[in-house]
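A quick write-up on the structure given underneath.
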Amino acid sequence: MIRTEGLTKRYTIGESTVQVLKGIDFSVQAGDMVALTGSSGSGKSTLMNILGCLDRPDSGRYLIENEDVSTLGNDQLAGIRNRKIGFVFQTFNLLPRMSALENVALPLMYAGHDNPRPMAESALARVGLQERMHHQPNQLSGGQRQRVAIARAIVTNPAIILADEPTGNLDSKTSVEIMDLFLQLNAEGRTIIIVTHEPDIAAYCKRQIRMMDGQIVEAAGRV
Ligand code: ADP
Ligand code: MG
């Protein structure tokens, strides 16, 4: 489903350059559920942004379903992102003045859908929030906001879901509910990668990959 070969990325601020990714090779099979762990600053978000087609590597290759996307232009990259990937963020990233329904409908609007509402409603129903679809984010709890964000991520029916510390701002009971939801989405056949630094969250996944200082240092699997 996903394969990277020698991905590198560095950031330059003023005089100083930081090599954030130092050659990342890994692959994820369709239907897998992978935890990406590692301490703060190890490069997890940088890698996820590249996997999510939100950013590009400096060198190396990134293949989604055998298509090399590392050299695509912005528009093509946005197209891949819209069709194949749902991204979930730690801070939910919902638009504050829009209802849950409008937030979830956005990816469909970007894709030029004629009638986004029924699909947005069914995505919200899928995460158990049909009753709250006209609420704005500030009228929802943290767990409900993350459910809206997950509905937005799945509304285009992507094969891949990427989540960067999706439970980082949630209490442990709510975190369990959100992880149960990811398990269900995985059971439906979606490929999922979740960044976390919490071992009990990582334990939900079939496989764990650990990053340290811009490199993958360890991969452990249960299956
Ligand atoms: P993690 O998600 O594992 O905490 P990140 O990928 O966010 O790590 O960051 C890895 C390193 O890259 C850090 O040292 C961070 O300061 C640096 N970094 C991340 N994004 C940027 C950016 N846009 N500009 C400059 N430095 C960045
Ligand atoms: Mg991060």
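Numbering of ligands and ligand atoms starts at 1, following listing order.
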Report, in ascending order of atom number, the atoms of ligand 1 lying under 4.0 Å from any heavy atom of [X].
X	value
S40	4 (O)
S45	1 (P), 2 (O), 6 (O), 7 (O)
S39	3 (O)

Among all protein heavy atoms, pick out the one at the shortest distance from [atom]; state its residue, atom name and that distance to 0.1 Å.
atom	value
atom 21 (C) of ligand 1	Y11 CE1, 3.3 Å
atom 5 (P) of ligand 1	T46 OG1, 3.7 Å
atom 1 (P) of ligand 1	G41 N, 3.5 Å

Can you list the protein N, O or S atoms less than 2.8 Å from the Mg ion (ligand 2)?
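Less than 2.8 Å away from the Mg ion (ligand 2) sit S45 OG.
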What I'd like to find out is whether the side chain of L21 reaches to under 4.5 Å of the side chain of P57, using heavy atoms alone.
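No, too far: nothing below the 4.5 Å cut-off.
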Restricting to pairs with a member in residues 89-132, which pass ring-ring contact (aromatic ring centres under 6.0 Å, His included), not counting sequence neighbours?
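Qualifying pairs: F87-F89.
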For ligand 1, find out whether one of its N or O atoms is nearer than 3.5 Å to an N or O atom of G43.
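The answer is yes, given that G43 and ligand 1 share an N or O pair closer than 3.5 Å.
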Is it true that N74 and R56 share a donor-acceptor pair across their side chains at a distance under 3.5 Å?
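Per modelled atom types, R56 and N74 side chains form a pair under 3.5 Å.
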Less than 4.0 Å from atom 16 (O) of ligand 1, is there any heavy atom belonging to the protein?
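Protein heavy atoms within 4.0 Å of atom 16 (O) of ligand 1 - there are none.
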May I ask whether atom 11 (C) of ligand 1 is less than 4.0 Å from at least one protein heavy atom?
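It does: a protein heavy atom is found less than 4.0 Å away from atom 11 (C) of ligand 1.
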For ligand 1, does L47 get within less than 4.0 Å through its side chain, its backbone, both, or neither, judged by non-hydrogen atoms?
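Neither part.
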